[in-house]
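I have placed the structure first, in the form of structure tokens, so that the comments after it can refer back to it.
Chain letters run A, B, ... following the sequence lines, proteins first, then strands; residues in each count from 1.
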Amino acid sequence: MRSTKRHPLVWLVALLAAVGLLGAACGSDDDSSSGSSTPPGTSASGGEIDYEALSGTLSGSGATFPSAFYEEAIAEFQDVASDLEVLYNAVGSGQGKKDLGSQITQWAGSDSLVAEKDMGMFTRPFLYIPTVAAPITISFNVSGLDELDLSPDTVAGIFMGEITTWDAPEIEADNPDADLPSTAITVAVRSDGSGTTNNFSKYLKAASPSVFTLEAGDTVAWPKAQAGNGNSGVAQIVSQTDGAIGYVDLSDANATDLDQASIKNKDGEFVAPTLEGATAALEGAEVKADLTYNPLNAAGESAYPITAPTYVLVYTTYSDQATVDNVTGWLTYLLTDAQDLAEGVDFAKLPTTLQEKAMAQVAKITVG
Amino acid sequence: MVAPLTDEPKSPTGRSEDMASAMSSGRGGRGDTVFRAVAAGAGLLVLVVLALIAVSTTREAWPAFQEEGIGFLTSTSWDPAAGEFGALAFIYGTVLVSIIALVLSVPVSLGIALYANEAAPKRLRKPIVYVLDLLAAIPSVVYGLWGVLVLAAVLNDQVYVRFNDWFGSWPVLGWFFGGSTGPRSFMTAGIILAIMITPIITSLSREVIATVPSAQREAAYGMGATRWEMIRASVLPWARGGIVGSVMLGLGRAMGETIAVALVIGSFPQITTHLFEQGDALAAVVANQFGESSGTHRAALVGMGVVLFLLTILVNVSARAIVGHFDRRSKGA
Amino acid sequence: MSEPSVVDESHRLLLEATTSRGRRVRNKLATVWMVGALVVALIPLAWVVGYVLIKGISSLDAAWFTEELTATTRRAGGGMGPAIVGTLVITAGATIMAVPLGILGAIYLNEYGGNGVLARVIRFMSDVMTGVPSIVMGLFIYTVYTVNFGQNGFGGSLALACLMLPIVIRSTEEMLKLVPDELRQGSYALGNRKWRTIISVVLPAAFGGIMSGVMLAIARAAGETAPLIFTIGAARAFNANLFEGQMTALSTQIFSNARVPFPAAQDRAWGAALTLVAIVFLFTVAARIVSARVARRHNA
């Protein structure tokens with residue numbers, strides 16, 4: 001007959017199991033499984049997410065600046081998560097924030113942060129998830145000129161309307177070897193409110209505060225300039241006017257085949273608007289606790305100083321598990337596999353450190 | 001859009017109704033009551049909807065009005081980043097491009113409407129109607145895109161530059177044609193608007209002129225009038241109310257047109273008489289800046305809509321006064 | 001409005017014999033003006049339609065009408081089917097709401113309300129509303145409807161209906177005003193009640209004009225972008241359900257594609273433009289044919 005007393009090894013195993021279970025229960029923020037075969041992964045590796053199990057519609061809206069990247073990611077995501085439809089309506093950062101605040105969308109794309117006085121729009125806490133960044137080029141069209149170096153003060157002077165011809169002394173100082181024509185400068189700006197304008201004007205204020213005396217924002221009261229609708233509108237003005245100069249995001253500038261100036265960064269180097277320059281700027285930028293960061297006028301030898309960030313805004317809690325799965329699935333994809341798509345559309349992927357912080361942020365999203 | 005030009009509506013409800021009720025039996029009166037109730041209900045519903053729009057937009061714009069006070073209407077400084085919201089330059093722009101649009105469109109629209117009814121060979125009438133329908137079928141965004149991609153550059157190079165060279169320094173003409181020129185300008189916006197509102201004014205005027213009784217026409221011919229004299233004596237007086245109504249509808253469209261103007265006006269708010277220079281207008285700036293706006297900026301943009309209500313009221317009242325003045329003059333004769 | 005040619009000819013001879021040169025010159029000038037006006041209007045028409053045709057025709061193939069929208073606008077691919085469905089459904093919804101309400105409202109204004117306080121207020125408000133920018137209407141619906149019920153086609157229909165309503169009311173009222181009172185009195189003399197008179201005498205008499213006003217309102221609604229952008233969302237798949245799910249429309253597709261500087265997007269934008277112009281124009285033509293048939297039956 002066996003003794004009723006258990007073998008000591010059994011007790012040890014039971015004890016270890018109990019401790020293990022306790023630890024898992026305390027550490028995990030997984031609610032009881034809702035029936036999906038694999039609960040969404042909450043770790044940094046995208047491989048743990050079962051994209052195929054995601055279903056439904058995920059609506060987003062917001063900035064036009066990153067829309068080329070999001071479109072690309074959505075198209076590829078359709079192949080891995082065929083039951084989940086992701087929608088993005090590029091109506092502008094402001095409207096995107098409002099849509100998220102009114103809860104008619106589940107995610108928002110924004111080039112700018114939510115202002116203090118607008119916080120009331122949101123009834124529960126939300127997160128900033130950095131996704132990509134891209135250079136804002138200073139594109140120009142001057143017959144006879146293929147390359148151009150510009151220092152921040154010169155750029156500011158041109159856009160303030162103080163430097164009016166291409167052979168001005170300030171431009172000559174930046175380009176001692178170039179043969180500058182005396183053509184008049186035509187400045188091209190945005191007619192519509194834009195995150196690109198916001199970042200560009202913030203850069204001018206930071207890098208050239210004595211020359212750029214206007215207020216920075218989505219809309220700037222530029223002194224007389226030609227205004228075009230959208231990045232493509234500005235690109236069109238530049239490409240059709242001899243002597244024109246304007247600020248255009250890299251993607252549209254490349255598509256319109258515009259010449260782009262190299263800008264003098266904080267370290268004194270003239271850097272061209274390339275993805276490498278953008279990544280260098282991201283690496284040199286200080287990242288706050290809420291993951292907002294400012295790569296404009298960043299330090300670093302090879303940093304391109306007019307690099308603009310963009311974020312996805314999501315809530316920390318959603319009311320049902322399915323939405324939480326969809327949001328975390330989409331964001332994980334954006335931060336992992338989709339990052340490789342960025343270069344193809346002229347966006348710079350996040351540096352690893354920032355990407356890991358972003359993934360950790362995504363892990364915070366739960367049902368609530 | 002001018003409410004009855006004369007004091008009595010065309011179908012005085014008084015006499016006809018008496019006659020109708022006197023002649024008909026009591027039974028069947030229910031049909032009248034029901035129909036009247038339905039029509040009145042519709043009228044009330046319309047009122048509720050329109051009032052709701054007015055109230056809701058004013059409420060949304062209120063924070064901006066509070067912050068700026070009367071300066072919202074009188075200041076020319078529009079700098080959202082600095083928190084300054086002055087609508088005056090935009091009011092000026094809306095009024096200016098609308099005037100340009102009317103000056104260009106009304107003679108053309110009236111001419112076509114008269115031609116279609118009075119002078120065109122019968123087989124041309126239908127094609128003319130379809131031509132106008134085609135013009136009306138083109139969406140405003142297409143007019144805007146075509147305007148900025150095609151028309152603006154052509155206008156600037158072929159027309160503006162020449163006018164500017166020839167007349168820029170002349171005494172009175174220089175006010176309009178002087179200054180600098182550019183593809184995106186008040187004039188381009190005015191021309192695009194003129195093209196857009198022509199189908200409205202023509203189509204409705206045409207219908208109005210078609211209702212002129214033949215008796216009126218025959219009477220004039222009978223007295224030996226030429227066609228033009230017949231038009232002036234019989235057609236225009238009869239159709240004047242309807243024509244003015246159609247012009248007011250066209251004007252409303254011109255003042256409220258959003259995207260087409262936004263793309264071609266230049267988006268540089270300023271008050272100047274130089275027509276070839278850039279400007280901005282109320283509806284256009286709302287379209288341009290709305291997507292990125294938030295807080296007071298957004299409220300201010302909605303406020304532009306409210307300002308447009310006020311502007312439309314002003315225009316309506318003035319039009320009524322002007323037409324009423326001419327009416328009294330012709331009636332007194 | 002008959003003009004027998006015999007009368008024309010004898011009239012012309014009579015005029016020549018009896019009119020002074022000055023009057024004849026003025027008459028000639030007026031004719032020049034009228035013909036010239038038509039020519040002037042034809043120039044931009046041919047230009048715009050020609051441009052849209054040339055730039056848009058290459059996009060139209062079978063896939064254009066049947067496939068869903070592509071997620072990547074910068075590359076070729078996908079079709080416009082959902083946008084076509086969207087435009088048709090949303091505009092139809094708006095028309096069903098705005099046209100009957102507008103016509104009934106105009107009937108009230110002209111046949112019952114006259115110069116009463118309620119009628120004057122309604123007339124005044126309609127006048128004011130004809131000038132409201134479409135984006136303001138869109139914002140109104142966003143605040144009142146979309147925030148509470150989400151982005152769907154119905155929000156777009158509501159916004160467009162708000163745009164159409166003042167146009168329908170004002171143009172219908174003008175046309176009703178022009179119906180001679182003798183027609184009404186004749187009908188009363190025959191023993192018809194007022195409502196019968198309105199429906200069987202007044203409306204048919206004004207039918208052509210009312211149709212014109214309604215056509216203008218529908219053309220306006222189908223071509224508007226701003227009110228739809230934040231009320232209907234940005235769907236890529238087919239959706240004919242007005243009340244559920246996001247939709248897309250040709251007008252919004254034109255605008256969003258035109259802003260992308262890649263050739264594929266530009267082609268798509270102009271293809272959508274051509275499609276929209278064709279749809280609205282064909283609809284207008286069909287409506288005029290029906291209208292003519294109704295008028296003929298009424299006059300017969």
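At a 4.5 Å heavy-atom cutoff, the contact between B:L52 and chain C is made by backbone and side-chain atoms alike. Neither the backbone nor the side chain of B:I191 comes within contact range of chain C, judged by heavy atoms closer than 4.5 Å. The part of C:T143 that comes within reach of chain B is its side chain, from C-beta onward, which places non-hydrogen atoms under 4.5 angstrom from that chain. Within the 4.5 angstrom heavy-atom criterion, only side-chain atoms of C:L42, from C-beta onward, approach chain B. Heavy atoms of C:V40 lying under 4.5 Å from chain B belong exclusively to its side chain. The contact between B:L308 and chain C is made entirely by side chain atoms (from C-beta outward), counting heavy-atom distances below 4.5 Å. For chain B, the nearby part of C:I199 is the side chain; its heavy atoms alone come within less than 4.5 Å. Proximity to chain B (any heavy atom under 4.5 Å) is shown, for C:M211, by neither the backbone nor the side chain. The parts of C:A273 that come within reach of chain B are both its backbone and its side chain, each placing non-hydrogen atoms under 4.5 angstrom from that chain. C:R288 touches chain B through its side chain: at least one heavy atom from C-beta onward sits under 4.5 Å away, while N, CA, C and O do not. When heavy atoms are compared at a cutoff of 4.5 Å, C:L101 approaches chain B by way of both its backbone and its side chain. When heavy atoms are compared at a cutoff of 4.5 Å, C:V52 approaches chain B solely by way of its side chain, counted from C-beta outward. Contacts of C:M129 with chain B are made by side-chain atoms alone, with heavy-atom separations under 4.5 Å and no backbone atom involved.
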*Checking side-chain hydrogen bond (donor to acceptor under 3.5 Å, both in side chains) for the pair C:T31/B:R227: CA distance, chi angles, key distance, verdict?*
CA-CA 9 Å; C:T31 312; B:R227 182 170 57 213; 3.1 Å; yes

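For the pair C:R193 and B:D32, the salt-bridge criterion is met [side-chain N within less than 4.0 Å of a carboxylate O].
Ranked by heavy-atom pairs shorter than 4.5 Å toward chain C, the options B:V208, B:L44, B:T57, B:V49 are led by B:V208.
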